[in-house]
Structures are given as C-alpha cells and as structure tokens.
Amino acid sequence: MTVRKILSCSAVLLAASGISSGCSSEESGTPSAQVPATSEVSSSTDPPLGGYPIPESLDLSPFSSMPCDLVPQEILGELGYDSEGTAKLEESDTVAAWTGPACFWQAREGEEGLLTVTILSGNAERGFGGLAGLRSLYEQGEFAYWEDATVLDYPAAYVSQWDRRADGECGISVGVSEEMAFSVVASFYKENPDRACSVVSEVAEDVVGNLRGEA
C-alpha cells in the first residue's frame with residue numbers, strides 16, 4: 001500500500017459513519033442535492049484566500065477520552081437521537097486508534113439516522129492535520145466532492161470519498177486549529193436524504209459552540 005493510499009484510508013475512515021470500516025476503490029456516485037446553508041453555516045465553492053485562517057484555536061484534547069460529550073444532549077434529543085452515545089477510544093478500538101476518538105448515536109425508535117462525531121487526531125499525528133490536510137487529499141483526487149463552508153466563523157468543508165448525499169449520507173469536517181479538525185457524519189436518512197446535510201451542519205455548529213464554552 002502506498003503512502004498516498006494510507007493517508008486516503010485514514011481520511012475515509014475519519015469521515016465515514018460509525019459503522020463503516022476499511023477502505024475500498026468504490027466509485028463515487030452522482031452528485032445530489034445542494035448542501036443547505038443556515039444563518040451560521042455558509043457554503044462556497046472556493047477556499048478562502050491565504051488558506052484556512054482560524055479565528056481562535058480551540059482545544060479538542062479534553063474530549064479525547066469522552067468524545068460523546070462534544071454534542072450537548074438536548075441537541076441530540078431535538079434531532080431525534082438517543083442521548084446516550086457509544087464512544088470509540090484509541091486504546092480500545094482499532095478504527096479509533098487510526099482516526100481518533102469518536103462517538104456515534106443511534107436514532108430513537110421511529111426516527112431515522114446514524115450520527116458520528118470524530119476527533120481527527122490521527123491526521124495530526126501523521127502530519128496532515130487541520131482542514132488544509134484534508135484539502136490536500138481532495139486535490140490529489142481522493143474525495144468525490146469538496147464544498148467549502150464556515151461554521152461559526154471556523155473553516156469547514158462538506159467532504160467524502162463517495163457522494164452518497166442522494167442516499168441520505170453527508171459529512172462535514174471543521175478546522176479548529178492549524179493542526180486539528182473534527183468531522184460530523186449523518187447517514188441512513190433514506191426517507192429524507194437532504195436532512196443529512198442539515199443535521200451535520202447543526203451538530204457541527206453545536207460542537208464549535210461547546211468548544212467555545214457556549215453550550
């Protein structure tokens with residue numbers, strides 16, 4: 001396996017849903033609906049001049065042992081998820097050891113969706129942390145789409161190796177320092193595919209607010 005492919009596998013895993021595993025050569029699908037914009041999450045097609053400036057570095061390290069605390073419980077309830085998440089930690093999970101700590105939440109009975117939040121510490125350890133590292137992989141052709149955005153003034157991008165938005169899966173990665181980022185993925189929104197991108201936008205905003213002490 002080449003170095004490039006190793007980096008690609010890392011990026012895929014850290015941006016995949018909580019039940020995904022491994023990497024493959026699956027072809028990207030047909031692009032689907034536009035990524036929604038809210039009052040706090042905006043999207044564009046080009047990266048800002050000068051790269052991805054960070055307004056103020058935020059520290060993800062306090063959550064490395066408790067990634068489920070990144071998302072306030074009341075928000076999970078509003079989105080139709082069980083408030084109790086399942087943590088995947090580096091010392092006990094092989095995927096988390098490669099990508100970084102993660103937590104995933106199942107939808108409540110009668111609701112649809114699977115939500116995953118990942119601290120992308122694996123990228124930082126391998127020297128391509130932050131949003132710029134993911135962008136470099138996109139420029140190498142490793143992702144099916146990349147749509148720049150901002151989340152509460154922090155640089156972000158809707159990104160995935162496969163474009164499954166038409167099937168109800170959407171991912172966003174947010175840079176909180178030059179070396180660190182986190183990702184949010186929502187999947188299994190079969191009945192309302194467009195909702196997946198709305199969910200990741202809202203959750204990403206809540207995580208940034210939590211990191212800023214606003215939750």
Side-chain angles (χ1 to χ4, degrees), residues 10-18 20 28-29 31-48 52 54-55 58 60 63 67 70-72 75-76 79 81 85 99-105 113-123 129-138 142-177 180-189 192-212:
S10 173
V12 171
L13 287 171
L14 56 82
S17 66
S20 297
S28 60
S32 67
Q34 295 291 321
V35 173
T38 71
S39 60
E40 299 294 352
V41 181
S42 61
S43 61
S44 63
T45 56
D46 299 311
Y52 293 101
I54 304 294
L58 300 176
L60 283 163
F63 296 90
L70 280 168
V71 184
I75 300 302
L76 294 165
L79 293 174
Y81 285 94
T99 63
C103 185
F104 70 88
W105 295 265
L114 177 70
L115 178 68
T116 308
V117 175
T118 305
I119 298 173
L120 307 183
S121 54
N123 277 5
L131 203 63
L134 287 175
R135 175 73 189 198
S136 68
L137 291 176
Y138 168 71
E142 298 293 348
F143 295 120
Y145 66 91
W146 179 284
E147 297 186 18
D148 282 285
T150 57
V151 175
L152 297 177
D153 296 326
Y154 283 82
Y158 296 90
V159 56
S160 179
Q161 188 180 25
W162 307 291
D163 193 345
R164 292 172 174 160
R165 287 173 290 181
D167 298 321
E169 181 176 310
C170 187
I172 191 169
S173 293
V174 183
V176 295
S177 73
M180 286 293 294
F182 69 87
S183 70
V184 182
V185 176
S187 53
F188 295 104
Y189 280 87
N192 188 4
D194 290 345
R195 181 160 167 73
C197 285
S198 297
V199 168
V200 298
S201 299
E202 184 170 345
V203 172
E205 180 183 321
D206 292 324
V207 171
V208 171
N210 193 11
L211 292 172
R212 296 199 306 194

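Hydrogens, waters and symmetry mates are skipped; everything else that's a heavy atom, side chains included, is used.
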What distance do Phe188 atom CZ and Asp167 atom CG have between them, rounded to the nearest 0.5 Å?
10.5 Å

Taking C-beta and beyond as the side chain, do Glu205 and Val184 meet within less than 4.5 Å on heavy atoms?
no

Can you list everything that forms a ring-ring contact (aromatic ring centres under 6.0 Å, His included) with Phe63? Sequence neighbours excluded, please.
none

What heavy-atom pair brings Pro155 and Tyr52 nearest, and what distance separates the two atoms?
CB-CD2, 3.6 Å

Student check: side-chain heavy atoms of Val207 and Val71 closer than 4.5 Å
yes

To the nearest 0.5 Å, what is the distance between CD on Glu169 and CG on Leu114?
9.0 Å

Spell out, as yes or no, whether a donor-acceptor pair under 3.5 Å connects the side chain of Thr118 to the backbone of Leu120.
no

Minimum heavy-atom distance Arg212-Leu58, with the two atoms named
CG-CD2, 3.7 Å

Closest non-hydrogen atom pair between Ala196 and Gly168, with its separation:
CB-O, 3.5 Å

Distance col, row Ser198:OG vs Asn192:CG, nearest 0.5 angstrom, shows 8.0 Å

For the ring pair Trp105 and Tyr81, is the centre-to-centre distance below 6.0 Å?
no

Just verifying a value: how many Å separate Leu115 CG and Tyr189 OH, rounded to the nearest 0.5 Å?
7.0 Å

Tyr158 ring centre to Arg165 NZ or CZ under 6.0 Å, with the angle to the axis within 45°?
no

Going from CG on Leu131 to CG on Asn123, what distance comes out if it is rounded to the nearest 0.5 angstrom?
10.5 Å

Closest contact, heavy atoms only, Leu152 versus Gly209
CD1-N, 3.9 Å

Heavy-atom pair with the smallest gap, counting every atom of Ser173 and Val159
OG-CG1, 3.9 Å

Distance (rounded to the nearest 0.5 Å) between Ser121 OG and Leu60 CG
9.0 Å

Test Val200 against every option in Val174, Val151, Ile172 by the side-chain contact (heavy atoms from CB on, under 4.5 Å) rule and name the one that passes.
Ile172

Ala204 to Phe182 - nearest heavy-atom pair and separation:
O-CZ, 3.8 Å

